[in-house]
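Data first, discussion second: the structure below is written as structure tokens.
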Amino acid sequence: MGGVLLGNSLTVRLADALAQLPAGYPVWGNRGASGIDGLLATAAGVARATARPLLALLGDVSALYDMNSLALFRHCPAPVVILVVNNNGGQIFSLLPAPVRQAYYVMPQEVDFRHAAALFGLDYQRPDSMGALRAMLDAVWRRQPAAGAATLLELVVPAEQGASLLRELVAEMAR
Ligand SMILES: Cc1ncc(C[n+]2csc(CCOP(=O)(O)OP(=O)(O)O)c2C)c(N)n1
């Protein structure tokens with residue numbers, strides 16, 4: 001059995017609302033539901049300590065915040081996928097009505113994680129559909145690396161989609 005590390009901000013909230021894992025499946029987290037620092041370092045620690053396959057799912061700002069920790073994923077004892085949901089900023093703040101939110105809260109960075117993966121010698125892929133994402137994940141889990149590098153999957157999604165979905169779900173529950 002592997003494990004999943006859920007990043008904070010929208011990721012943990014969407015997973016909580018929509019995902020279903022088998023009972024007892026190991027889920028790792030860090031810093032409550034909001035602190036976004038150190039998530040990659042924590043994932044690296046989990047991967048090393050458990051020596052089991054790990055899916056680390058986090059947002060682009062969280063990944064940028066701890067980018068230097070990608071250096072810790074060069075020699076993983078079991079397959080590791082770092083899945084960065086790139087919605088171009090801290091899109092949890094799209095839940096806020098404030099007119100200044102784009103400049104002061106969302107902070108879109110317009111980055112391409114291909115270069116971060118290359119910098120640290122990690123595998124990189126950018127799935128363009130759910131089917132492609134599934135196929136890429138399946139392929140990584142089947143690989144048996146002898147202390148191989150992690151794979152960074154960059155999932156580019158429409159900026160406000162996650163926040164809108166969450167808002168709609170909450171509104172539906174209220175009704
Ligand atoms: C250490 C720290 N710095 C800043 C924040 C404020 N903060 C909370 S969520 C967030 C944005 C996270 O963006 P991202 O990881 O891209 O996730 P998304 O909201 O798009 O899901 C920020 C800056 C925080 N919670 N902790």
Side-chain angles (χ1 to χ4, degrees), residues 3-21 25 27-44 46 54-70 73 80-120 122 124-137 140 150-175:
V4 61
L5 180 136
L6 292 176
N8 300 320
S9 207
L10 274 182
T11 302
V12 69
R13 290 168 171 85
L14 286 171
D16 186 42
L18 301 169
Q20 197 168 23
L21 285 166
Y25 194 87
V27 178
W28 302 84
N30 193 17
R31 312 276 278 143
S34 298
I36 58 164
D37 51 336
L39 292 169
L40 288 172
T42 302
V46 170
L54 180 72
L55 172 67
L57 181 62
L58 74 170
D60 53 297
V61 175
S62 301
L64 286 171
Y65 211 112
D66 196 19
M67 198 171 70
N68 55 320
S69 289
L70 289 177
F73 290 93
V80 172
V81 172
I82 301 162
L83 180 52
V84 177
V85 180
N86 190 350
N87 52 18
N88 201 19
Q91 293 294 343
I92 193 161
F93 299 116
S94 293
L95 292 168
L96 297 177
V100 291
R101 74 174 185 227
Q102 188 70 3
Y104 295 116
Y105 293 92
V106 176
M107 298 176 298
Q109 300 296 314
E110 314 282 352
V111 293
D112 180 339
F113 281 87
R114 176 187 311 273
H115 307 293
L119 181 63
F120 293 101
L122 307 184
Y124 171 88
Q125 293 187 70
R126 182 175 159 160
D128 56 8
S129 68
M130 203 59 192
L133 172 62
R134 279 212 188 92
M136 286 172 193
L137 285 169
V140 176
T151 299
L152 195 158
L153 292 185
E154 179 173 14
L155 190 63
V156 178
V157 297
E160 296 193 17
Q161 196 177 46
S164 315
L165 179 63
L166 207 54
R167 198 186 297 111
E168 281 159 25
L169 282 174
V170 171
E172 204 170 307
M173 278 190 288
R175 279 199 294 278

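These values consider heavy atoms only, across backbone and side chains, with no hydrogens, waters or symmetry-generated copies. In what follows, residues are counted from 1 in the order of the sequence shown.
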For this session: Please indicate whether Tyr124 has more than 12 foreign heavy atoms, meaning atoms of other residues, nucleotides or ligands, lying under 6.0 Å from its OH.
Result: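 Yes, because the 6.0 Å sphere around OH of Tyr124 holds more than 12 heavy atoms from other groups.
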If we only count heavy atoms from C-beta on, is the [X] to [Y] side-chain gap below 4.5 Å?
X      : Y      : result
Leu5   : Asn30  : no
Leu10  : Val85  : no
Arg31  : Ile36  : no
Met130 : Leu133 : yes
Leu18  : Leu169 : yes
Leu95  : Leu166 : yes

What distance do [X] atom [atom1] and [Y] atom [atom2] have between them, rounded to the nearest 0.5 Å?
X      : Y      : atom1 : atom2 : answer
Leu58  : Tyr65  : CG    : OH    : 13.5 Å
Leu6   : Leu39  : CG    : CG    : 10.0 Å
Leu96  : Tyr104 : CG    : OH    : 15.0 Å
Asn86  : Leu153 : CG    : CG    : 13.0 Å
Glu172 : Arg167 : CD    : CZ    : 14.5 Å
Leu55  : Ile82  : CG    : CD1   : 10.0 Å

Side chain [X], main chain [Y], donor-acceptor under 3.5 Å:
X      : Y      : answer
Asn87  : Val157 : no
Arg126 : Asp112 : no
Asn88  : Gln109 : yes
Asp60  : Val156 : no

Heavy-atom pair of closest approach, residues [X] and [Y]:
X      : Y      : answer
Tyr105 : Phe93  : O-CD1, 3.3 Å
Ala163 : Gln91  : CB-O, 3.6 Å
Phe73  : Ala44  : CZ-N, 3.5 Å
Phe113 : Glu154 : N-OE1, 3.1 Å
Leu40  : Ala63  : CD1-O, 3.7 Å
Leu70  : Ala116 : CD1-CB, 4.0 Å

